[in-house]
2 protein chains.
Amino acid sequence: MSTAPDREAWGLMLELLFSHHRPRVWGIAAEFDLAPMQMFALKALEPGRELPMSALAGSLHCDASNVTGIVDRLESRGLIERRSSPEDRRVKMIAVTEEGQRLREQIAARMSEPPPPIAKLALQDQRELRDIMARALRS
Amino acid sequence: MSTAPDREAWGLMLELLFSHHRPRVWGIAAEFDLAPMQMFALKALEPGRELPMSALAGSLHCDASNVTGIVDRLESRGLIERRSSPEDRRVKMIAVTEEGQRLREQIAARMSEPPPPIAKLALQDQRELRDIMARALRS
DNA sequence: CCAAACTGCTTGAGGTTTGCAACTATCGAG
DNA sequence: CTCGATAGTTGCAAACCTCAAGCAGTTTGG
């Protein structure tokens with residue numbers, strides 16, 4: 001009757017996700033007066049490494065036409081900047097502003113706080129979990 | 001220089017989430033011609049256990065006014081049913097139909113398939129991951 | 001008993017995200 | 001230089017989100 005362990009593990013991860021992560025994302029985004037996708041976009045833009053719209057779209061797993069609106073809203077708040085690339089005048093490079101960087105760091109700090117179920121694990125379990133996840137993502 | 005292990009573990013889980021889970025949810029929902037929230041709502045409705053709108057809203061972590069629309073769309077496709085409660089005529093009990101049950105099972109089967117990074121883990125890691133997650137959620 | 005407060009659900013407005021298709025500007029190859 | 005590909009934008013329709021207001025039904029307190 002025992003299901004495959006990977007299915008069980010994944011099912012439990014989904015449960016954690018849905019019950020804790022989803023509400024948290026909305027909550028944290030609301031703290032900074034951002035919509036979730038705007039927050040993710042900001043998080044995807046590392047300071048000093050400008051990205052073309054298309055790359056940002058890929059990183060957000062959504063259509064390019066979508067990114068236009070998200071970037072519009074972030075730009076109108078002065079958190080990012082559109083710069084036209086000197087090499088190819090079709091592409092717009094997106095870069096975080098100083099103010100965007102500050103917000104970005106606050107967001108990263110809040111997002112990286114583990115939800116209670118993870119935080120309350122025994123230290124040994126936390127280390128094991130970290131190592132397993134690292135192995136999973138490395139491959 | 002080493003961050004707390006729970007933060008690192010959580011950071012890695014977020015990465016898995018964002019890069020694999022998010023696109024998958026949209027993909028699976030699209031397979032069944034549903035929007036993500038409609039899929040989650042269907043998943044939340046166990047056969048034989050009708051739920052009032054308010055409970056469904058709680059389970060989906062969103063506003064009750066929201067659920068009205070989601071339930072409308074599912075009902076118009078014959079996947080669920082609104083029944084008025086005999087005890088309190090204000091509340092509408094939501095129940096899955098036979099057809100909804102069939103779809104629900106297919107969705108559950110697809111959702112429980114672990115993404116490649118988890119599926120490719122060594123069996124021992126999968127078991128360990130399952131056990132750690134179980135301990136996390138039990139508390 | 002009955003008016004007032006409350007509760008469960010719906011409706012409406014305003015904003016964000018989503019994909020698709022059409023469009024403009026630009027680039028690159030022949 | 002012309003043709004086809006590419007980067008980004010715009011417009012559209014649908015879904016989802018919150019908040020505020022409304023309506024029906026229930027409960028409570030004088």
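Here the structure is a predicted model, which means the values were calculated and not measured.
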For this session: Would you tell me if any nitrogen or oxygen in the side chain of A:R89 comes within less than 4.0 Å of OP1 or OP2 on C:dC27?
Result: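 Indeed, a polar side-chain atom of A:R89 lies that close.
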Exercise. Taking N and O atoms by type only, does the side chain of B:S65 place a donor or acceptor under 3.5 Å from a partner on the base of D:dC17?
Worked result: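 Side chain to base: no pair below 3.5 Å.
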For this session: May I ask you to check whether A:W26 and A:H21 place their ring centres under 6.0 Å from each other?
Result: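 No, the ring centres sit 6.0 Å or more apart.
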Problem set entry | Verify same cluster id: B:M37, B:I80 (apolar side-chain graph, 4.5 Å) |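 Yes, it is one cluster - the side chains of B:M37 and B:I80 are joined through contacts under 4.5 Å.
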Exercise. Would you say the side-chain atoms of A:T97 pair up with the backbone N or O of A:G78, donor to acceptor, closer than 3.5 Å?
Worked result: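 Yes, the answer is positive, given that a donor and an acceptor are paired below the 3.5 Å cut-off.
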What's the closest nucleotide to the [X] side chain, out of [options]?
{"X": "B:R90", "options": "D:dC16, D:dA24, D:dT9", "result": "D:dA24"}
{"X": "A:M53", "options": "D:dC16, C:dT26, D:dG8", "result": "D:dG8"}
{"X": "B:K92", "options": "C:dT26, C:dT10, C:dG8", "result": "C:dT10"}
{"X": "B:R22", "options": "D:dT9, C:dT18, C:dC9", "result": "C:dT18"}
{"X": "B:R82", "options": "C:dC6, C:dT10, C:dC20", "result": "C:dT10"}
{"X": "B:I70", "options": "D:dG8, D:dC16, C:dC9", "result": "D:dC16"}
{"X": "B:M37", "options": "C:dG12, D:dT9, D:dC17", "result": "D:dC17"}

Check every strand shown and say whether [X] touches a base, only sugar-phosphate, or nothing at a heavy-atom separation below 4.0 Å.
{"X": "B:R73", "answer": "sugar-phosphate"}
{"X": "B:N66", "answer": "base"}
{"X": "B:S54", "answer": "sugar-phosphate"}

Exercise. Is A:E113 paired with A:R110 through a side-chain N to carboxylate O contact shorter than 4.0 Å?
Worked result: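 Judged by the 4.0 Å cut-off on N to carboxylate O distance, A:R110 and A:E113 do form a salt bridge.
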Exercise. For DNA chain D, whose closest nucleotide is more 5', that of A:W26 or that of A:A64?
Worked result: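 The answer here is A:A64.
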Given atom [atom1] of [X] and atom [atom2] of [N], what is their separation to the nearest angstrom?
{"X": "B:D72", "N": "D:dC16", "atom1": "CG", "atom2": "C1'", "value": "13 Å"}
{"X": "A:L74", "N": "C:dT16", "atom1": "CG", "atom2": "P", "value": "11 Å"}
{"X": "A:D33", "N": "D:dC17", "atom1": "CG", "atom2": "P", "value": "18 Å"}
{"X": "B:L51", "N": "C:dG8", "atom1": "CG", "atom2": "C1'", "value": "15 Å"}
{"X": "B:F40", "N": "D:dC16", "atom1": "CZ", "atom2": "P", "value": "11 Å"}
{"X": "B:E75", "N": "D:dA15", "atom1": "CD", "atom2": "C1'", "value": "18 Å"}
{"X": "A:M39", "N": "C:dG15", "atom1": "CE", "atom2": "P", "value": "21 Å"}
{"X": "B:R83", "N": "C:dC9", "atom1": "CZ", "atom2": "P", "value": "15 Å"}

Exercise. How many angstroms lie between CG in B:D131 and CD in B:E128, if you round to the nearest 0.5 Å?
Worked result: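 So the CG of B:D131 and the CD of B:E128 are separated by 6.0 Å.
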Exercise. Pick one: which of B:L16, B:L121, B:D125 meets side chain to side chain contact (heavy atoms under 4.5 Å, CB included) with A:M133?
Worked result: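 For A:M133, the side chain to side chain contact (heavy atoms under 4.5 Å, CB included) check succeeds only for B:L16.
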Exercise. On DNA chain C, nearest-nucleotide positions of B:G69 versus B:V91: which is more 5'?
Worked result: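 Nearer the 5' end of the strand: B:V91.
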